[in-house]
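Since the structure comes first, as structure tokens, the remarks are kept for the end.
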Amino acid sequence: MPQGRVGALALAGLALALLGSLASISLVAVAPLGVALGLVLGIGILAAARVSRRPSPPSPPERMALDVAAVFVRTPEGVIRYWSPGAERLFGYTAAEAVGRVAHELLRTRFMDGGRRSAMAELAQAGRWQGELRHRRRDGAQTTVATTWDMRSDGAEPLVVEASTEALALKAAEEELRASEGRLRLAQEVAEIGTFEWHPDTEEQDWSPEQHALFGTNPEAEARPTVERLVALVVPEDQAPLRAALAHADETGEYEAEFRIRRRTRDGGEETRWLYGRGRRMPGPAGSRGSIVGMHLDTTARKEAEMRQTLLIREVDHRAKNALTVVQAILRLTRAPDQATYVRAVEGRVAALARAQTLLTQSGWSGADLRTLLEGELAPFLTSGGAGPTVVIPSPTLMVPPIIAQPLSMAVHELATNAVKHGALSVPGGVVQIEWSVAQEAEGNAARRLHLLWRESGGPAPLSQPTRCGFGSRVLQTTVQNQLGGHLTQHWSAAGLECRIDFPLPGPAQP
């Protein structure tokens, strides 16, 4: 093979050998170039040696690297000895046009900082120089490149390997990296996710700003985080499980834990937060353990929702059992001369329960408006068009708690049923007036009692005080005394029945 061919291949091998070492310094930000250079790491150095034994062109991976990278080999004075395909593409000159020319004259190079003399002095002293250069392409257009010079003295003459990539590409990659990091940081802040790195064989950790914010610590005023400081921030009940999770992570490299912390609030108080953490050991240098890298996130909202759901399920179960108990009592105690009457009685009482249940469901089981509850219970007994009996409810609005609403609806249903059979709701022109008031049980006592008055007029005059207590009366008495914990008094006057009910009213006063 001609000597010139062998020399060109040797220079190509030298360029490849140096390309790998330069990648991590100046060209790593460019993804395609990094991939191409990765293919030739470890094989480039063999290229020149292989040429001397068995001359051959560069292998496909080597050729790919030379095609992607703008690499040329020159003397310290600038005379070009080798010109890669990548340099042809970037600068526009073919290898035939470039080899033998002085590089800075061919490319009309302008040095950004310190000039050419400063760059040459650093190259001579350190064997390497890095910086930005401005070249002019063959078509006259200017381009700014990030360049690395590397001095080699392995052959007959010292040579400089010059590897370049357009600075705009590097800067664009750097900007995208910064933007990506910014988006990640913003996502961590919004999602309240903190990251940490637990160094191997040590108690010390590095926390991100989001991690400090999550735990309520101040990185400026407090010591560097450690495992013990982490555990100390956790509520006492959760410290032992967290220690076990950390010990497991130290042994296996897998970290997972959920715990509560107490942290300071902006107003100087304290609050409890639920945190969930996961992490994994990263690969370390040969023969050593790597760091455990992980994150913590705030799961307080999810835990509170889970607890509310659990309480709701228990409450629904409790209320369902109570409703079934009442229905069983209705079925067991109802008496009637025939099946049709029995069915009507049972259906009416179960319907009263259902109406109260619907009213409470609409309010999210926060309570029921007493006026709406009474109107709902009495509506089935009234006729439309104003020809039948009427009900007057002059009292103000009052919200009653769920524990009161259902038994009170049962009591009103029994009063209405009796009024339809024997009292004011049995004839046109009959009137039922319902009034109520709330009063404290005693002076200085916060407990309150609800006083409810049921007064009938315009109906048939009662013959006398009933001598026998029917089922309806027993249900009314039992409901007021046992379920409401109150008192019931009934008086039959010439105008009609007057019933007074009073019972404790739990909860704060409602408008």
Side-chain angles (χ1 to χ4, degrees), residues 176-284 288-315 364 366 508:
E176 175 58 28
L177 180 60
R178 281 193 290 268
S180 177
E181 290 175 345
R183 289 192 293 270
L184 176 60
R185 180 62 55 84
L186 178 60
Q188 289 176 342
E189 291 177 357
V190 172
E192 296 188 90
I193 298 176
T195 58
F196 68 89
E197 182 177 1
W198 179 8
H199 299 286
D201 305 320
T202 177
E203 291 278 306
E204 294 184 337
Q205 298 184 355
D206 290 324
W207 287 9
S208 69
E210 294 76 22
Q211 176 98 335
H212 280 286
L214 203 60
F215 282 85
T217 55
N218 186 352
E220 304 293 334
E222 300 178 22
R224 186 176 182 180
T226 63
V227 170
E228 284 303 316
R229 286 196 64 222
L230 169 65
V231 174
L233 295 170
V234 176
V235 300
E237 299 86 346
D238 295 347
Q239 289 184 0
L242 177 59
R243 287 186 186 278
L246 291 169
H248 179 77
D250 189 41
E251 179 181 353
T252 66
E254 294 289 337
Y255 168 69
E256 184 173 11
E258 191 167 28
F259 50 86
R260 290 164 293 172
I261 63 168
R262 293 287 296 170
R263 74 180 184 189
R264 294 188 296 271
T265 59
R266 293 181 180 179
D267 59 3
E270 282 192 338
E271 62 179 351
T272 301
R273 308 296 294 180
W274 276 95
L275 301 184
Y276 172 74
R278 289 207 67 176
R280 178 171 295 176
R281 191 182 304 281
M282 303 300 292
S288 65
R289 300 194 306 169
S291 301
I292 294 179
V293 177
M295 63 83 195
H296 287 103
L297 61 90
D298 192 323
T299 59
T300 304
R302 177 176 62 81
K303 295 294 291 188
E304 290 177 347
E306 290 175 354
M307 288 187 285
R308 285 195 299 269
Q309 185 177 22
T310 300
L311 289 175
L312 180 60
I313 291 172
R314 292 176 180 173
E315 183 67 16
S366 61

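Residue numbers start at 1 and run along the sequence shown. Only this structure's heavy atoms are used, side chains among them; waters, hydrogens and symmetry mates stay out.
- For Glu204, the salt bridge (charged side-chain N to carboxylate O under 4.0 Å, His left out) test picks out Arg224, with sequence neighbours left out.
- At most 12 non-hydrogen atoms from other residues, nucleotides or ligands lie less than 6.0 angstrom from CD of Glu251.
- Contact annotation: the side chain of Val227 approaches that of Gln205 to within less than 4.5 Å [non-hydrogen atoms, C-beta and beyond].
- One finds the CG atom of Leu233 at 11.0 Å from the CD atom of Glu228 (value rounded to the nearest 0.5 Å).
- Every residue meeting the ring-ring contact (aromatic ring centres under 6.0 Å, His included) condition with Trp207, not counting sequence neighbours, appears here in chain and number order: His212, Phe215.
- With sequence neighbours left out, Glu270 forms a salt bridge (charged side-chain N to carboxylate O under 4.0 Å, His left out) with Arg262.
- We find the CD-CD1 distance between Gln211 and Ile193 to be 11.0 Å, quoted to the nearest 0.5 Å.
- Looking only at distances, no side-chain donor or acceptor of Ser208 sits under 3.5 Å from a matching main-chain atom of Gly194.
- With sequence neighbours left out, the side chain to side chain contact (heavy atoms under 4.5 Å, CB included) criterion links Glu256 to Tyr276, Arg278.
- For Ser291 (side chain) and Glu197 (main-chain N/O), no donor-acceptor pair under 3.5 Å exists by modelled atom type.
- In this structure, Leu242 and Ala257 approach most closely via the heavy-atom pair CD1-CB, 3.9 Å.
- Remark: Arg264 pairs with Glu222 by the side chain to side chain contact (heavy atoms under 4.5 Å, CB included) rule, at least two apart or across chains.
- Taking the side chain as every heavy atom from C-beta outward, Leu214 and Asp298 approach each other to under 4.5 Å.
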Applying side-chain contact (heavy atoms from CB on, under 4.5 Å), run through Leu275 and Thr299 and close with a yes or a no.
-> CA-CA 5 Å; Leu275 301 184; Thr299 59; 5.7 Å; no
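- Taking 4.5 Å as the limit, every side-chain heavy atom of Thr300 sits out of range of all side-chain heavy atoms of Glu271.
- Separating the CD atom in Glu304 from the CD atom in Gln309 is a distance of 14.0 Å, to the nearest 0.5 Å.
- Heavy-atom minimum distance, Glu258 versus Trp274: CG-CE3, 3.9 Å.
- In this structure the side chain of Asp206 reaches within 4.5 angstrom of the side chain of His199, judged on heavy atoms.
- Qualifying side chain to side chain contact (heavy atoms under 4.5 Å, CB included) partners for Asp267, counting only residues two or more places apart in sequence or in other chains: Thr265.
- Contact detail for Phe259 and Tyr255: the closest heavy-atom pair is CE2-OH, 3.7 Å.
- Qualifying side-chain hydrogen bond (donor to acceptor under 3.5 Å, both in side chains) partners for Glu306, counting only residues two or more places apart in sequence or in other chains: Arg302.
- Not counting sequence neighbours, the partners of Arg280 by the side chain to side chain contact (heavy atoms under 4.5 Å, CB included) test are Glu254.
- Within the 3.5 Å criterion, the main-chain N or O of Asp250 finds a donor-acceptor partner in the side chain of Arg289.
- Applying the side-chain hydrogen bond (donor to acceptor under 3.5 Å, both in side chains) criterion to Thr226, with sequence neighbours excluded, gives no partner residue.
- By the side-chain hydrogen bond (donor to acceptor under 3.5 Å, both in side chains) test, Arg260 is found to be paired with Asp238, residues two or more places apart in sequence or in another chain being considered.
- Remark: His248 pairs with Thr252 by the side-chain hydrogen bond (donor to acceptor under 3.5 Å, both in side chains) rule, at least two apart or across chains.
- Judged by distance alone, with hydrogens and angles left aside, the side-chain atoms of Arg273 form no donor-acceptor pair with the main-chain N or O of Ile261 at under 3.5 Å.
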